[in-house]
Amino acid sequence: MSDRDTDGAVDPEGAVPAPVPFLDLHGVHAALRDPLNQAWSAVLGHGRFINGPEVAAFEGAFAEYCEAEHCVGVANGTDALELILAGLGIGPGDEVLVPTNTFVATAEAVVTVGATPRFVDVLPDTLLIDPDAAAAAIGPRTAAIMAVHLFGQMTDMPALSALASKHGLALIEDAAQAHGARFAGRRAGGGGVAAGFSFYPGKNLGALGDGGAVVSNDAALVGRIRQLADHGRSQTDRYGHEVVGRNSRLDTLQAAALHVKLPVLDEANRARAAAVAQYRKSLPAWCVPVGVHPHAEPVYHLAVVQVPDRAATARALDAAGIGWGIHYPVPCHLQPAFARYAVEPLPVAEAAAEHILSLPLSPTLTNEQVERVSRVLDSAGP
Ligand SMILES: *Cc1c(COP(=O)(O)O)cnc(C)c1O
């Protein structure tokens, strides 16, 4: 798999078309080098590498961006999810509904707090959690639903909210792939009890290393999470530890970089959407992009298509120097680490896992590159 490729080398002879990287992080940062250098240099100057002023400044700006009240920076997106669960008191004896088509981190967070993931199938067009399947999986021990906004598209939050309130469950958003996405006009981060974001470098808003955040409108929950993430430290006595916490903080250097990148996030998301619109026009008919719910406004973290013969398609892309990925080749309930939690086959996700393929997508992707990918696919067609 080539989904860690970040660099698009140019052929020196100009004879062979240049490779198309799966993700062009180099291009994304090229225009931001000066402001990023200045921001990091300021942190080097004041030396407050932990809890420096850039952390609170970014937290405020990101909460506002998400149209929510509070944000706590944490070390990564997985910790964000785990801290939300811990802050809600979810643990041993509790079950949490998790769509099986997600990055394993969603399920990991559930297991880390001692709760049990209950895997749920997805819808065949969007590959997001199926609200009816979620309803059918609710039992006496169900405590929460993980609403995973995969590939940049939000799940149907009104449907899941109705389910959560009917059964008294916490609705938690995994927004690691959905910075800025909307559903029915509402942004990711403000529609559930809390949302976990990742700033892994390849995400729509990426740090220059690991980072994450919890966004929420619940001040009491946010206070508990802030405390848990800082060794359970008392808010009023720095040497008083009231609960057993841990260490999960957003570094000042990463907060400074994220604050430089946040103002251009919407523009980058629009560029991703334009590239996906271009793919939709130029891809051969057998390359079927994942569907978009009529109320969703995705931010296109990934350009996922379903193809009949993935191995052949991937070979053609490799031969042409075009990056690709699979998100995800093995649904969580079939991963060895999580198989013990599988209670039933999840046929939609299992079938889709054989056919999904993620095409190159970056805010810098040009129409020419999209056309070239489409031509290569066309010539590899069935
Ligand atoms: C990236 C990701 C995470 C985990 O984020 P990290 O910052 O890598 O820990 C969780 N859920 C989903 C859906 C992700 O894509």
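Counting starts at 1 for both ligands and their atoms, following the listed order. Below, each value reflects all heavy atoms present in this structure, side chains not excepted, and no hydrogens, waters or symmetry copies.
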Check: V215, L150: one ILVMFWY side-chain cluster at the under-4.5 Å cut-off?
Finding: no
Margin query: If you take the nearest heavy atom of each of A213, G206, S198, G212, which one is closest to atom 7 (O) of ligand 1?
Written below: S198
Notebook entry, point to check: How far is atom 2 (C) of ligand 1 from its nearest protein heavy atom, and which residue and atom name does that atom have?
Noted result: K203 NZ, 2.6 Å
Check: So among T313, V20, I322, which one has a side-chain contact (heavy atoms from CB on, under 4.5 Å) with V376?
Finding: I322
Notebook entry, point to check: To which protein heavy atom is atom 4 (C) of ligand 1 closest, and what is the distance rounded to 0.1 Å?
Noted result: T78 OG1, 3.5 Å
Margin query: With clusters defined by side-chain heavy atoms of hydrophobic residues (ILVMFWY) lying less than 4.5 Å apart, directly or transitively, does L250 cluster with L265?
Written below: yes
Note to self: So, 4.0 Å and heavy atoms of H301: is ligand 1 close enough to count as a contact?
What the structure shows: no
Check: Can an N or O of T102 be found at a distance shorter than 3.5 Å from an N or O of ligand 1?
Finding: no
Check: So is Y200 polar-close to ligand 1, meaning N/O to N/O under 3.5 Å?
Finding: no
Next item on the list: Determine, using heavy atoms of D210 and all atoms of ligand 1, whether some pair is separated by less than 4.0 Å.
Entry: no
Check: With no hydrogens and no angle check, do the side chains of H149 and E173 hold a donor and an acceptor under 3.5 Å apart?
Finding: yes
Notebook entry, point to check: What protein heavy atom is closest to atom 15 (O) of ligand 1, reported as residue, atom name and distance in Å?
Noted result: Q177 NE2, 2.8 Å
Notebook entry, point to check: Quick check: does any side chain N or O of N269 sit under 3.5 Å from a backbone N or O of H179, one acting as donor and the other as acceptor?
Noted result: yes
Check: Is the shortest side-chain N to carboxylate O distance from R224 to E242 below 4.0 Å?
Finding: no
Notebook entry, point to check: By number and element, which atoms of ligand 1 are closer than 4.0 Å to a non-hydrogen atom of N76?
Noted result: 7 (O), 9 (O)
Check: Just which atoms of ligand 1 are under 4.0 Å from any heavy atom in A176?
Finding: 2 (C), 3 (C), 10 (C), 11 (N), 12 (C), 14 (C), 15 (O)
Notebook entry, point to check: Side chains of S248 and D79: is there a donor and an acceptor less than 3.5 Å apart?
Noted result: yes
Note to self: Taking the basic N atoms (NZ, or NE/NH1/NH2) and the acidic carboxylate oxygens, is any pair closer than 4.0 Å for R187 and D266?
What the structure shows: yes
Notebook entry, point to check: L359 and I356: same hydrophobic cluster, using ILVMFWY side-chain contacts below 4.5 Å?
Noted result: yes
Item checked: N or O contact, F103 vs ligand 1, cut-off under 3.5 Å -> no
Next item on the list: With heavy atoms of A105 as the reference, note each atom of ligand 1 found under 4.0 Å away.
Entry: 3 (C), 4 (C), 10 (C)
Checklist line | Region of D174 that comes within reach of ligand 1 [heavy atoms, distance under 4.0 Å] | finding: side chain
Next item on the list: Would you mind listing which atoms of ligand 1 come within a distance below 4.0 Å of any non-hydrogen atom of G77?
Entry: 5 (O), 6 (P), 7 (O), 9 (O)
